[in-house]
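Chain letters run A, B, ... following the sequence lines, proteins first, then strands; residues in each count from 1. Since the structure is predicted, the reported quantities are computational estimates derived from the model, not experimental observations.
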There are 2 protein chains.
Amino acid sequence: MAKKEFDFSTMVCFLLNSTSNAMIRDYRPQLIEFDLTYPQYLVMMTLWNEDAILIKEISKETFFDSGTLTPILKRLESKNYIKRVASQEDERAKLIQLTEEGINLKEKTAHIFKDMECKIALSEEEQAQIVKICNKILVKLEVKES
Amino acid sequence: MAKKEFDFSTMVCFLLNSTSNAMIRDYRPQLIEFDLTYPQYLVMMTLWNEDAILIKEISKETFFDSGTLTPILKRLESKNYIKRVASQEDERAKLIQLTEEGINLKEKTAHIFKDMECKIALSEEEQAQIVKICNKILVKLEVKES
DNA sequence: TATAATTGATTTGTGCACAAAATATTTGCT
DNA sequence: AGCAAATATTTTGTGCACAAATCAATTATA
């Protein structure tokens, strides 16, 4: 077989993108049962970690920019999983709070989170390698602080 | 600091997605100079590897489904980088061919491809680890054959 | 204390990514 | 030959991802 000039199977950006697309696609059916998309699920996890935070704090955790978050939060609000409350100290800012239903979702979706990591069954070593390499790239591209 | 239940910095799906987003975002300015997006650039690379192929073959290489490819190919056609020619053997299928301008783009964008891999400066070892792990996941999720 | 600069969030517009349905053609079966 | 199943692509509709522009509120500064 003639060697091809552009070998996708060794291109970092292509591999990361294809693999993340594949994982998000694979878990879509499970999330759909709770009327969630993957980015919406990430925002919910952020709030399960710490409730009643500002949009810019969610942005810092998820790396989603505000233009991405605004519509995601609107959808979560229309599903009654969160509330958007104007901040008292700063009229520009908005506090995002879980509703009762949003809080309850944490237990109900716990198995999805476990599946998320289990299905691909990486070894401890591989897991550690991925974490190290991705975080290194994120720091190099100034998405994260070192 | 209280330990958070959901630690994004060790979640494989989140890391792969954030890192690929960051890489694609980072190289956008360079691609814009040639009026290309990252997915469009991938399709062009596929054609630089082998010209005059069917859409389903591009789909097999890039892992983009046909509903994703159709509009990408339309945009590349309107930029005059490719032509879409009905196949003679099978009236359903379409052959995608590079135009003169599309062929010339290969040399002009060669530096971008090099930057793509160089800027993040992974070691040989890290590069090999990423390739192995991502391909393993892609096989597990049945995107690729083992 | 005006006003300039900054900040938090929303809006607008483009382009994926994907599922599901539609369309047209080809292949397989009897 | 006739018709069902399969195949290649397009269409439709939803939801990111992001840049750029906008808006309102806050802070800094002349």
- Roughly, in whole Å, what's the span from CD in Gln88(B) to P in dT26(C)? 11 Å
- To the nearest angstrom, the CD1-P distance between Ile53(A) and dA9(C) comes to 10 Å
- Message: Below the 4.0 Å mark, does dA8(D) have OP1 or OP2 next to a side-chain nitrogen or oxygen of Ser66(B)?
- Response: no
- Do the side chain of Ser87(A) and the main chain of Ala93(A) share a donor and acceptor less than 3.5 angstrom apart? no
- Query: Taking the side chain of Gln40(B) as heavy atoms from C-beta outward, which of dA17(C), dA17(D), dC16(C) is closest to it?
  - Reply: dC16(C)
- Message: Checking contacts here: which listed nucleotide (dC16(C), dT6(C), dA9(C)) is nearest the side-chain heavy atoms of Arg92(A)?
- Response: dT6(C)
- Look at the side-chain N and O atoms of Lys94(B) and state whether any lies under 4.0 Å from the OP1 or OP2 oxygen of dA24(C). no
- Message: Classify Thr37(B) by what it touches in the nucleic acid, base, sugar-phosphate, or nothing, heavy-atom distance under 4.0 Å.
- Response: sugar-phosphate
- Note on the structure: Residue pair Glu89(A)/Lys79(A) against DNA chain D: nearer the 5' end by closest nucleotide is Lys79(A)
- Query: Expressed in angstrom and rounded to an integer, what is the separation of Ile72(A) atom CD1 from dT11(C) atom P?
  - Reply: 15 Å
- Query: What's the closest nucleotide to the Glu91(B) side chain, out of dT25(C), dC16(D), dA17(C)?
  - Reply: dT25(C)
- To the side chain of Asp90(B), which of dT26(D), dT26(C), dC16(D) is closest? dT26(C)
- Item | Side-chain N or O of Arg75(A) closer than 4.0 Å to phosphate OP1/OP2 of dG15(D) | yes
- Query: Looking at residues at least two apart in the chain, or sitting in another chain, which of them share a side chain to side chain contact (heavy atoms under 4.5 Å, CB included) with Glu125(B)?
  - Reply: Ser123(B), Gln129(B)
- Given atom CG of Leu69(A) and atom P of dT7(C), what is their separation to the nearest angstrom? 19 Å
- Message: With a 4.0 Å cut-off on N to O distance, would you call Glu101(A) and Lys79(A) a salt bridge?
- Response: no
- Does OP1 or OP2 of dT9(D) have a side-chain N or O of Arg84(B) closer than 4.0 Å? no
- Message: Side chain of Lys74(A) only, heavy atoms from C-beta on: which candidate in dC16(D), dC18(D), dT11(C) is closest?
- Response: dT11(C)
- Ala93(B) or Asp65(A): which one's nearest nucleotide on DNA chain D is closer to the 5' end? Ala93(B)
- Task: Could you say whether Phe63(B) or Leu95(A) is positioned toward the 5' end of DNA chain C, judged by the nucleotide with the nearest heavy atom to each?
- Result: Leu95(A)
- What's the NZ-P distance between Lys56(A) and dA24(D), to the nearest Å? 20 Å
- Message: So that I know where these two stand, are Tyr38(A) and Tyr27(A) an aromatic pair - ring centroids less than 6.0 Å apart?
- Response: no
- Go through dT10(D), dA9(C), dT11(D) for me and flag the one nearest to the Leu54(A) side chain. dA9(C)
- Item | Glu61(A) and its side-chain contact (heavy atoms from CB on, under 4.5 Å) partner, picked from Ile53(A), Leu47(A), Thr46(A), Val43(A) | Thr46(A)
- Task: When you get a sec, tell me which of dC18(D), dT9(D), dA19(C) is the closest nucleotide to the side chain of Thr70(B)?
- Result: dT9(D)
- Message: In whole Å, I'd like the distance from the CD atom of Glu77(B) to the P atom of dT9(D).
- Response: 14 Å
